[in-house]
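Input: a single structure, listed below in structure tokens.
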There are 2 protein chains.
Amino acid sequence: MEFKEAKNKFVQTWGALGSQWGINKTMAQIHALLMISNEPVSMEDIMEELQISRGNASMNLRALMDWGIVYKEFKAGERKEFFTAEKDLDELAVKISRERSKREIKPALKILKEVSTIEANESAEEKHFVDQTSKLYDFVLKADNMLDKMTEFNENWLGKLVIKMMK
Amino acid sequence: MEFKEAKNKFVQTWGALGSQWGINKTMAQIHALLMISNEPVSMEDIMEELQISRGNASMNLRALMDWGIVYKEFKAGERKEFFTAEKDLDELAVKISRERSKREIKPALKILKEVSTIEANESAEEKHFVDQTSKLYDFVLKADNMLDKMTEFNENWLGKLVIKMMK
DNA sequence: TTAAACTTTCAAAAATAATTGAAAGTTTGT
DNA sequence: ACAAACTTTCAATTATTTTTGAAAGTTTAA
């Protein structure tokens, strides 16, 4: 396989993976492109490479910056903006989990808390509802915390310990 | 908040959370409904509760069973089928991660392997591509393994240890 | 202050994904 | 073998999400 083909395959794959996990395909593709680029890329180049419109590029770059995983750069003497991706994968994982936790998990937890604390009457149906949603609340809270704490420890003893013990 | 309202809120929330993570909304809603139900539910009832068509209910129940998180049940004397959800949350997490790994992560890893092993020429561009995709391969492989191993240990010393140390 | 070189916005259009419903398929009892 | 009671399938429709592109906005340089 030659470079151009591999590059394209990677961008497509990363885009597909994004879609499957609820991330807009183009957003994931732009991210892929920037991750494998050894130097800052202009919006123009992104549009050209991915064959997308200026508006699309602009909006998705903005989204990536909001996620904190893509940065704007300026080149001396150049008027236009360039972009680079966070290339440290541990850092990337931390940012993605933080953001998804904040935007999706935390709000869901809030609702879970609300619905699990209603006054259940005597019926088995209502009792089961309260019981199950309470368990779900605890579980999601625990998972959310674990992910948060785990990503804090980049590449250190913990990860290695866990891997070792599990092998 | 009264029961009916809470129930509805939970089903809606679970559906929305599903969407955000790449799971069809109705599929997540059916799952939510079954999780909080203390007894098996018929397709008829699901259609009624969620106001969806028979075809929709049938297809999404099939998908949930393919995931291994919803089971068919038969009631003595009844011709029609009933459904129940896996209610053990550790078990649920194991099944979901296994399935997503198998369907999405593993195929992506295969491609990552392919593209990261091309023969790069001397250019910084190609070298960086190989370097970055190799790192990504290692990272995703590690994360996939970790998730797999972690979910194997349901609620045992490891999880507790990790939690404790991180707090 | 003007205009060139850019970026952002957002209503409309296009693409994609989910849903419907009726026909086809299956199973069970008589 | 028949038919009642169900479930599944899938082409067509509908809903949702994404993308476009042109107008509006911004910044910089002269």
Side-chain angles (χ1 to χ4, degrees), chain A residues 11-34 40-67 70-84 100 103-104, chain B residues 11-34 40-67 70-84 100 103-104:
Chain A
V11 171
Q12 292 307 123
T13 303
W14 207 238
L17 199 60
S19 292
Q20 290 171 319
W21 288 78
I23 286 143
N24 166 338
K25 188 183 69 173
T26 300
M27 186 170 154
Q29 286 181 340
I30 293 176
H31 181 245
L33 201 59
L34 296 180
V41 183
S42 70
M43 201 153 94
E44 212 66 51
D45 290 343
I46 293 170
M47 288 163 59
E48 167 65 22
E49 285 247 29
L50 302 180
Q51 289 292 301
I52 58 173
S53 71
R54 188 173 295 286
N56 197 2
S58 175
M59 289 175 107
N60 282 115
L61 279 165
R62 152 60 56 105
L64 284 163
M65 289 189 292
D66 289 347
W67 276 55
V70 159
Y71 315 113
K72 228 177 227 181
E73 296 213 350
F74 298 95
K75 279 191 184 171
E78 290 261 24
R79 185 100 155 228
K80 67 181 155 208
E81 300 171 334
F82 291 80
F83 301 89
T84 32
R100 295 206 83 153
R103 297 181 192 205
E104 297 152 13
Chain B
V11 171
Q12 292 306 121
T13 302
W14 207 238
L17 199 59
S19 293
Q20 290 171 319
W21 289 78
I23 287 145
N24 166 333
K25 189 183 71 176
T26 302
M27 185 171 153
Q29 286 182 339
I30 293 176
H31 181 243
L33 201 59
L34 295 180
V41 184
S42 69
M43 200 153 94
E44 213 65 53
D45 289 343
I46 292 169
M47 289 163 59
E48 168 65 24
E49 284 249 27
L50 302 179
Q51 290 293 299
I52 59 175
S53 71
R54 188 173 295 285
N56 197 3
S58 174
M59 290 176 106
N60 283 112
L61 279 166
R62 152 61 56 106
L64 285 163
M65 288 189 294
D66 288 347
W67 276 55
V70 160
Y71 315 111
K72 227 178 229 183
E73 298 214 349
F74 298 94
K75 280 191 186 172
E78 290 261 23
R79 186 100 155 228
K80 68 180 156 208
E81 302 170 333
F82 291 80
F83 302 88
T84 34
R100 296 207 80 152
R103 296 178 193 208
E104 297 153 14

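Letters A, B, ... mirror the listed sequences (proteins, then strands); counts begin at 1.
At least one side-chain nitrogen or oxygen of B:Thr26 sits closer than 4.0 Å to the OP1 or OP2 atom of C:dT19. Side-chain N/O atoms of B:Lys80 include none lying less than 4.0 angstrom from OP1 or OP2 on D:dA4.
Residues of residues 41-55 of chain A that place a heavy atom closer than 4.0 Å to DNA chain C, in numerical order, are A:Met43, A:Arg54, A:Gly55.
Heavy-atom nearest nucleotides on DNA chain C were determined for A:Lys72 and for A:Lys25, and the one closer to the 5' end corresponds to A:Lys72.
Whole-Å rounding puts the A:Gln20 CD to C:dT16 C1' distance at 15 Å. In this structure, CD of B:Glu78 is placed 15 Å from C1' of D:dT7, rounded to the nearest angstrom. Taking atom CG of residue B:Asn60 and atom P of nucleotide C:dT19, one finds them 6 Å apart after rounding to whole Å. As a whole-Å value, the separation of B:Ile30 CD1 from D:dT7 P is 13 Å. The distance from atom CE of B:Met65 to atom C1' of D:dT8 is 11 Å, rounded to the nearest whole Å. For B:Phe74 and D:dA5, the CZ to P distance is 18 Å, given to the nearest whole Å. Between B:Met59 atom CE and C:dA18 atom P the separation is 11 Å, expressed in whole Å. The CG-C1' distance, from A:Leu61 to C:dC6, rounds to 14 Å in whole Å.
Other residues, nucleotides and ligands place no more than 12 heavy atoms under 6.0 Å from the CD atom of A:Glu48.
Using a 4.0 Å heavy-atom cutoff across all strands shown, B:Asn56 reaches at least one base atom of the nucleic acid.
Distance OG1/B:Thr84 to CD/B:Glu73: 3.5 Å, rounded to 0.5 Å. Here the straight-line distance linking atom NE2 of A:His31 with atom CG of A:Asn24 works out to 13.5 Å at 0.5 Å rounding.
Side-chain contact between B:Val70 and B:Met27: absent, with no pair of heavy atoms (C-beta onward) separated by less than 4.5 Å. Side-chain contact between B:Ile46 and B:Leu34 is present, with heavy atoms from C-beta onward closer than 4.5 Å.
Of the candidates D:dT18, D:dT8, D:dC10, the closest approach to any side-chain atom of B:Arg62 belongs to D:dT8.
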Below 3.5 Å is the cut-off: list the nitrogen or oxygen pairs between protein and nucleotides 25-30 of chain C, distance only.
residue	atom	partner	partner atom	Å
C:dT27	O2	B:Arg79	NH2	3.3
C:dT28	O2	B:Arg79	NH2	3.1

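Under the side-chain contact (heavy atoms from CB on, under 4.5 Å) criterion, A:Arg62 pairs with A:Asp66, not counting sequence neighbours.
Residues B:Ala28 and B:Gly18 come closest through the heavy atom pair CB-CA, 4.1 Å. In terms of heavy-atom proximity, A:Phe82 sits nearest to A:Ser42 at CD2-N, 3.6 Å.
B:Glu44 pairs with exactly one of B:Arg54, B:Lys80, B:Arg79 by the salt bridge (charged side-chain N to carboxylate O under 4.0 Å, His left out) rule, that one being B:Arg54.
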